[in-house]
A.B. asks: 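Okay, handing you the structure first.
The chains referred to below are lettered A, B, ... by the order of the sequence lines, with proteins before strands, and numbering in each begins at 1.
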There are 2 protein chains.
Amino acid sequence: MRSEDIAKLAGVSRSTVSRVINNYPNVPEATRAKVLEVIERHHYEPNSFARALAGKRTDTIGLFAISMNEKENARRIYQNSYFAPIVDLVVDTANARGFYVLIHTVYSRNDFQKVKQAFQQKRIDGGILVGTQKDIELVREMVGQGAPLVLIDYDIAEITAERLDKHHLAIINSNDYEGTVEAMEYLIGLGHRHIGIIQGRMNTYSGRERYMAYEDTLRKHDLPIVKSSILQGDFLKEQAYAAVMDLLDSGVELPTALFSSNDDMAISAMEAFAERGISVPDDLSIIGFDDVQLASRVHPKLTSVSLPIEEMSKAAVDLIIRICSGEQTGFSTLSFPTRLVTRDSCRPLAP
Amino acid sequence: MRSEDIAKLAGVSRSTVSRVINNYPNVPEATRAKVLEVIERHHYEPNSFARALAGKRTDTIGLFAISMNEKENARRIYQNSYFAPIVDLVVDTANARGFYVLIHTVYSRNDFQKVKQAFQQKRIDGGILVGTQKDIELVREMVGQGAPLVLIDYDIAEITAERLDKHHLAIINSNDYEGTVEAMEYLIGLGHRHIGIIQGRMNTYSGRERYMAYEDTLRKHDLPIVKSSILQGDFLKEQAYAAVMDLLDSGVELPTALFSSNDDMAISAMEAFAERGISVPDDLSIIGFDDVQLASRVHPKLTSVSLPIEEMSKAAVDLIIRICSGEQTGFSTLSFPTRLVTRDSCRPLAP
DNA sequence: CTGAAAGCGCTTACAG
DNA sequence: CTGAAAGCGCTTACAG
């Protein structure tokens with residue numbers, strides 16, 4: 001069933017059918033009703049490809065999770081506690097707005113080509129890029145090609161460094177720096193002076209922000225930055241676990257508190273400590289970041305910095321839709337506040 | 001840049017360009033090389049819509065999670081411990097095979113229309129339907145329309161009941177019945193005689209299978225089916241939690257062991273018991289189903305029936321791709337074995 | 001207000 | 001082996 005068939009049945013031309021489908025104003029109510037009735041009766045659906053070919057939007061947005069160089073573990077992305085809720089919310093929000101979402105994961109440069117192709121082949125109107133790790137050049141290249149894009153967790157300065165036409169672009173972040181400061185101040189307020197960190201991936205915006213805030217807050221209070229208490233976790237549980245074990249094996253003095261750049265690592269660290277008979281929070285306080293679902297279900301319940309993932313994801317969808325429709329023009333930036341959620345994994349330093 | 005531009009630059013016609021793009025045999029190597037070189041040099045990508053319009057495949061598959069009548073909680077699907085790994089694996093596998101995946105969640109009949117439209121509008125070559133709850137009529141309707149489809153967790157009998165042309169169809173299941181029997185036998189082997197159940201959603205294939213196996217195994221051993229120990233959980237944590245609390249409040253005799261139709265509910269139940277000072281496994285043994293990530297991280301670690309989600313998801317992708325390409329014709333069915341993973345939440349009944 | 005026609009960018013018989 | 005032409009199913013100036 002094509003628009004031509006509908007036209008015949010309704011006694012009008014394809015042009016008119018198209019006009020009612022696209023809700024053009026210059027169609028008399030009677031004509032519109034007749035056409036609509038025929039469409040309804042035959043469950044007619046315009047072919048989306050033909051529409052797109054003729055210049056209409058595709059009504060689908062892309063969602064791309066960037067996680068380059070980690071081919072080893074293929075199931076990490078969607079079970080990644082940070083990313084899973086984002087796909088959840090993005091899909092739901094987009095669906096509710098009448099959009100489909102096209103998903104592709106990016107583990108390699110080759111996968112990245114598929115993302116660019118999705119744009120070049122006009123499969124999507126616009127895309128959302130979530131960077132758990134990324135190659136900034138590739139992103140710049142896409143921006144340069146004028147692809148409507150919303151970036152989550154990207155460094156604004158890095159993107160804007162180059163002279164690019166950025167009117168199709170928006171960046172969404174959380175205030176990770178401030179969130180980390182709040183977490184650190186909380187720990188310091190509890191009397192801790194030797195505070196360690198499990199670092200995130202430093203080629204990531206949030207990884208860097210969280211680390212900088214950690215150092216800055218320590219400095220501000222004239223507290224020591226102890227090299228042996230800076231653990232490399234790369235945002236990965238396994239790596240955090242190993243780093244904690246190494247720390248314990250090394251025999252150096254332990255910090256009394258640990259700031260972890262995300263919850264996944266914090267939770268692994270707690271498991272490592274538990275295995276070695278070190279009690280959290282009695283022997284050591286620990287604080288996470290992201291406030292993932294699991295945080296409140298582990299024992300002890302993890303104190304964490306909560307991200308407004310829901311608002312961020314919805315904002316991403318709304319932004320990309322508005323950019324695609326032309327309602328939103330000009331580069332824009334949105335930053336969301338974090339919130340410290342106090343639970344059971346921290347306690348005042350015993351005198 | 002269109003195929004015509006490439007044609008000009010390569011000194012051939014669009015037909016020939018198309019032939020090399022589609023890897024037709026009747027193109028001399030020299031011509032092919034020349035065209036390919038031009039394509040390469042200009043990063044040309046054929047417009048996917050034009051290709052699709054002209055009769056080619058779209059190289060995208062749909063992934064649809066059916067969860068009707070639960071509009072209340074919009075973030076349930078992708079954080080659903082059962083569904084999250086499926087989207088994970090499906091996306092990864094499809095991407096690796098060169099396919100995009102289009103995702104849509106189905107909460108309402110209206111959403112279901114979008115799924116049908118995705119087929120009618122030719123947005124996808126075929127689709128995978130994962131039913132956590134479903135309306136069988138709608139599925140039958142789609143099958144009737146000849147949509148290439150792989151169904152996960154559907155009752156074969158229900159689908160095949162009607163005289164449908166099913167050559168575009170495949171169904172993938174796990175052996176939930178056998179898995180439940182194994183779990184129940186394990187509990188019985190530990191000496192338990194009063195065994196309760198937290199039921200899943202009974203309009204779901206796996207919900208029914210798991211319940212039937214529960215009853216059948218009890219009967220087989222001449223053990224009592226105690227009405228008050230049959231809790232309605234509907235696969236939802238909140239509901240399971242409430243059901244356990246009601247059970248405790250009612251003051252009736254507690255079972256000594258509980259089979260939970262999924263892990264999410266088992267874990268909530270453990271939380272409820274913990275709050276009331278009932279120790280798992282000392283006072284009560286509990287066993288789950290699905291073996292989700294969380295199962296091994298809660299305390300005590302949950303004994304559970306593991307599903308080969310990875311194999312199932314990969315098989316679903318491979319099947320749908322083969323159905324779309326015409327390699328696989330005729331209705332097919334795949335059933336995957338489960339495996340009991342023994343951990344710390346069950347113990348022998350004290351004499 | 002509305003239809004005929006051109007165009008979107010491909011593929012595929014068809015003819016040579 | 002290869003090109004001209006028709007066709008896929010829409011939309012949108014254009015003319016009336």
A.B. asks: Hey, which sits more toward the 5' end of DNA chain D by its nearest nucleotide, A:Arg51 or B:Val27?
C.D. replies: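 Upstream on the strand: B:Val27.
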
A.B. asks: OP1 or OP2 of C:dC10 sitting under 4.0 Å from any side-chain N/O of B:Tyr44?
C.D. replies: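 Yes, because at least one side-chain N or O of B:Tyr44 sits under 4.0 Å from OP1 or OP2 of C:dC10.
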
A.B. asks: Run the numbers on A:Phe64 and A:Val130 for side-chain contact (heavy atoms from CB on, under 4.5 Å), then give the verdict.
C.D. replies: CA-CA 6 Å; A:Phe64 307 111; A:Val130 186; over 6 Å; no

A.B. asks: With a 4.0 Å cut-off on heavy atoms, is A:Ser15 in touch with a base, just the backbone sugar-phosphate, or nothing at all?
C.D. replies: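 Base: the residue A:Ser15, judged by heavy atoms under 4.0 Å, touches a nucleobase.
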
A.B. asks: Would you say A:Thr31 places a side-chain N or O within less than 4.0 Å of OP1 or OP2 belonging to C:dC1?
C.D. replies: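 Answer no for this pair, as no side-chain N or O of A:Thr31 is under 4.0 Å from OP1 or OP2.
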
A.B. asks: Just to be sure I understand the rule, does A:Asn26 reach a base, reach only the sugar-phosphate, or reach nothing, if contact means heavy atoms closer than 4.0 Å?
C.D. replies: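 Here A:Asn26 touches the bases of the nucleic acid.
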
A.B. asks: Take atom CZ of A:Arg14 and atom P of C:dT2, then tell me their distance rounded to the nearest Å.
C.D. replies: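 From A:Arg14 CZ to C:dT2 P: 17 Å.
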
A.B. asks: Checking all strands, does B:Ser18 fall into the base, sugar-phosphate, or nothing category for heavy-atom contacts under 4.0 angstrom?
C.D. replies: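 Base: the residue B:Ser18, judged by heavy atoms under 4.0 Å, touches a nucleobase.
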
A.B. asks: What I want to check is whether the side chains of A:Asn22 and A:Arg51 have a donor and an acceptor closer together than 3.5 Å.
C.D. replies: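 Per modelled atom types, A:Asn22 and A:Arg51 side chains form a pair under 3.5 Å.
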
A.B. asks: May I have the distance from B:Phe49 (atom CZ) to D:dG9 (atom P), rounded to whole angstrom?
C.D. replies: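 Between P of D:dG9 and CZ of B:Phe49: 16 Å.
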
A.B. asks: Answer yes if the side chains of A:Asp92 and B:Tyr107 hold a donor-acceptor pair under 3.5 Å, and no otherwise.
C.D. replies: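 Yes, a side-chain donor-acceptor pair sits under 3.5 Å.
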
A.B. asks: Any chance you could measure A:Phe119, atom CZ, to A:Lys114, atom NZ, to the nearest 0.5 Å?
C.D. replies: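 It comes to 14.5 Å.
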
A.B. asks: Taking only N and O in the side chain of A:Asn47, is any of them less than 4.0 Å away from OP1 or OP2 of D:dC8?
C.D. replies: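 A:Asn47 to D:dC8 OP1/OP2: no side-chain N or O under 4.0 Å.
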
